[in-house]
S.K.: 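Sharing a structure, written as structure tokens. Questions coming.
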2 protein chains.
Amino acid sequence: MPLPSWVTDLATLNLLLSVAETGSVGRAAQAHGISQPSASERLARLERRLGVPLLVRTRRGSTLTPTGEAVVAWIHPVIDAAQALADGVLSLRADQRARLRITASLTVAEYLLPRWLLVLRRGHADLEISASVANSEDVCAAIRSGRADLGFVESPDVPADLGRRVVGADGLALVVATRYPLAARAERDLRASDLIEAPLLLREPGSGTRETFMRALAGALGHTPPIHRATSLGSTATILATVRAGGGVGVVSARAAAAGLATGELVRLRVADLMLVRPLHAVWSGHAPTPLAAELIELAIGLPTPD
Amino acid sequence: MPLPSWVTDLATLNLLLSVAETGSVGRAAQAHGISQPSASERLARLERRLGVPLLVRTRRGSTLTPTGEAVVAWIHPVIDAAQALADGVLSLRADQRARLRITASLTVAEYLLPRWLLVLRRGHADLEISASVANSEDVCAAIRSGRADLGFVESPDVPADLGRRVVGADGLALVVATRYPLAARAERDLRASDLIEAPLLLREPGSGTRETFMRALAGALGHTPPIHRATSLGSTATILATVRAGGGVGVVSARAAAAGLATGELVRLRVADLMLVRPLHAVWSGHAPTPLAAELIELAIGLPTPD
DNA sequence: GATGGTCATAGGAGACCCCTATGACTAGAC
DNA sequence: GTCTAGTCATAGGGGTCTCCTATGACCATC
């Protein structure tokens, strides 16, 4: 779904933030490296498109209208999230000269690593870190070959030749749209056997989440069940979009489902006899991780893991 | 501070999200009302600017690379925040035909009202709501004159001719930069009398936060103190920017300071003998609020107020 | 092999943005 | 009073970017 076009121009929204902070269009323009007239026009256009006045321009600077202050307060979380995105992508650009090269599987890279790196960087200014995302097998391969110093995997099995340590846990969630028939039975009375006939939405064969799910199902039933009505989809986002459209029962990381659950769009199914938790391991080669890697591991264990 | 230019183009980031959901560049283009070649080129340019591959293009659609999935997960909060911004601004555009017209003072409008409206809209699809932001006096004036159906004010005094109900509380916070000298004494041993000589950063005279602060100070000291070293600034954002630069002790709403406190940039000063809490009132004219207004009030009281 | 679906490329039209130069106005200094 | 320093807005021109339509290349399926 497209967004209104005026909200699309993050640079101008950010510019408005600078005006609020500096109290002047000219100084804000300077802070952004553009000319004052350019900034002036962009802000004027923004106001026109929004349809509400944001600034009171005086001959001694510009201040916000009350409406403008509210808008600025709403812009803040957008910019903060964008900054987090920028930081994350920056660490994904594999710089060869990085002092710490990390490879992580999806869940860790998406939801945990950014925070860890943020804290780590607070201790070491100007630290060169590179990160990459891969599935569990490739993480182990990268560690073995020396292409990375530290890895994170979310599979229960870690090859014996690698050093390892548990740094947390990851839960899978079964989710359906709020209006989906099964949602009424979300809280109780669901059993693993009910899932065999459900239209399941899973990642492709070979992925970590699918493996974990199938193994848990086999554990609950005592045998590997035939899955009649399962669809394989290529990404977590696709699964969640299909679930929202009422397309079935999605199997995704609990963290990926959190946003949808919070807004009430999705409902989590609790299945009493299904254990859907797997450990998150840090892995490295050789006797011990490098000092910097060890510091990150300690930090990861110490930090409270957001559900 | 400017953001990297590629993160600035929210429309393209949103487009990538649609590709992830639909599994196809063409369908994503369609969902955004643009042509397939246009979408294709924008995505290609995004990848080029990011410096990392995001999509695997096959002849049967496009799927995300593992890196792409991580990026998509980081884009999600950006888009969600932008959506909240868009919703907020939409309700600020004063539509005359609105069924419920709300006027709110700053703190409520910024931090509480969007969430209330979100929940209210879930119960009433296609509800026409207009909101505006004003200071406490103007809110009461708008209610009296019938320009608004429901108001929210953060002052302790409500005119006797208006109906009222307490819907929450708002605390003021005294904040300094982490390296500011006073930060070391943040937790204890600070008293109201210490603030008289501090370089205070306040909103302009007549604003609600300044009134509340001065009244609390007078209450603690037993008399209205002379403020030697205070600076008046035009907006909360200006105060926070000045505080971050080490410019003094900022006096702002606790909610406005929350983000800065969470990242560790700011430190909150606790002053034992200063009461900096004020009630938030819903106000209306006549015997009772309109049914829709009453529903919103109930909802506001029931919802947990984020600190 | 034909068909339907996918994404990429090419060329041209239009919108947008930015910069420099200038004008209009105000507050404060002298 | 007058001057100066500072603010924001407007005008004109150049460059970039983005969009669209049309087309091509390729693959899976029938």
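Here is the naming used below: chain letters follow the sequence lines, and residue numbers restart at 1 for every chain.
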S.K.: Rounding to a whole Å, what distance do you find between Arg42(A):CZ and dA15(C):C1'?
M.R.: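 Result: 15 Å.
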S.K.: Using whole Å, what does the distance between atom C1' of nucleotide dC7(C) and atom CG of Leu54(B) come to?
M.R.: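 So the two atoms are 16 Å apart, to the nearest Å.
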S.K.: To the nearest angstrom, how far is Ile34(A) atom CD1 from dC8(D) atom C1'?
M.R.: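 Ile34(A) atom CD1 is separated from dC8(D) atom C1' by 14 Å.
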S.K.: Would you please confirm or rule out a distance under 4.0 Å between OP1 or OP2 of dC8(D) and any side-chain N or O of Thr58(A)?
M.R.: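 Answer no for this pair, as no side-chain N or O of Thr58(A) is under 4.0 Å from OP1 or OP2.
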S.K.: Is Arg255(B) salt-bridged to Glu110(B), cutoff N-O under 4.0 Å?
M.R.: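 A salt bridge is absent here (no side-chain N lies under 4.0 Å from a carboxylate O).
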S.K.: Does the pair Val252(B) and Val243(B) meet the rule for a side-chain contact (heavy atoms from CB on, under 4.5 Å), with working shown?
M.R.: CA-CA 11 Å; Val252(B) 297; Val243(B) 167; over 6 Å; no
S.K.: Whole angstroms only, please: what is the CD-P distance between Glu47(A) and dC8(D)?
M.R.: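 In whole Å, dC8(D) P lies 13 Å from Glu47(A) CD.
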S.K.: At 4.0 Å (heavy atoms only), tell me whether Ser35(A) reaches a base, stays on the sugar-phosphate, or touches nothing.
M.R.: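 Answer is base: heavy atoms of Ser35(A) come under 4.0 Å of a base.
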S.K.: Would one find a side-chain N or O of Ser62(B) under 4.0 angstrom from OP1 or OP2 of dC7(C)?
M.R.: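 Yes, Ser62(B) has a side-chain N/O under 4.0 Å of OP1/OP2 on dC7(C).
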S.K.: Does Arg45(A) place a side-chain N or O at less than 4.0 Å from the phosphate oxygens OP1/OP2 of dC17(C)?
M.R.: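 Yes, such a contact exists.
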S.K.: Is Arg48(B) salt-bridged to Glu41(B), going by a charged N under 4.0 Å from an acidic O?
M.R.: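 Between Glu41(B) and Arg48(B) there is no salt bridge, as every charged N stays at least 4.0 Å from the carboxylate O atoms.
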S.K.: Near Glu47(A) CD, under 6.0 Å, is it more than 12 heavy atoms from other residues, nucleotides or ligands?
M.R.: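 It does: Glu47(A) CD has more than 12 such atoms within range.
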S.K.: Report the distance from atom CD of Glu41(B) to atom P of dC20(D), rounded to the nearest whole Å.
M.R.: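 Distance check: Glu41(B) CD to dC20(D) P gives 11 Å.
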S.K.: To the nearest angstrom, how far is Gln30(A) atom CD from dC18(C) atom C1'?
M.R.: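 In whole Å, dC18(C) C1' and Gln30(A) CD are 17 Å from each other.
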S.K.: From dT9(C), dT18(D), dT7(D), pick the nucleotide closest to the side chain of Pro37(B)?
M.R.: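 So the side chain of Pro37(B) is nearest to dT9(C).
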S.K.: Is the phosphate of dT6(C), meaning OP1 or OP2, less than 4.0 Å from a side-chain N or O of Arg27(B)?
M.R.: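 Yes, because at least one side-chain N or O of Arg27(B) sits under 4.0 Å from OP1 or OP2 of dT6(C).
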S.K.: Reading DNA chain C from 5' onward, which residue's closest nucleotide shows up sooner: Gln36(A) or Asp9(A)?
M.R.: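 On the 5' side of the pair lies Asp9(A).
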S.K.: Nearest to the side chain of Val25(A) - dT20(C), dC8(D), dA22(D)?
M.R.: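 Side chain of Val25(A) sits closest to dC8(D).
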S.K.: Has Ser40(B) got a side-chain N or O lying under 4.0 Å from the OP1 or OP2 atom of dA8(C)?
M.R.: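 The answer is yes; a side-chain N or O of Ser40(B) sits under 4.0 Å from OP1 or OP2.
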S.K.: Output the rounded distance in Å from CG (Leu43(A)) to P (dC18(C)).
M.R.: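 My rounded result for the distance is 11 Å.
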S.K.: What is the distance, rounded to the nearest whole Å, between atom CG of Leu15(B) and atom P of dT18(D)?
M.R.: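 After rounding, the gap between these two atoms is 12 Å.
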S.K.: State plainly whether the residues Glu69(A) and Arg203(B) are in salt-bridge range, i.e. N to O under 4.0 Å.
M.R.: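 Counted as a salt bridge, because a side-chain N and a carboxylate O are separated by less than 4.0 Å.
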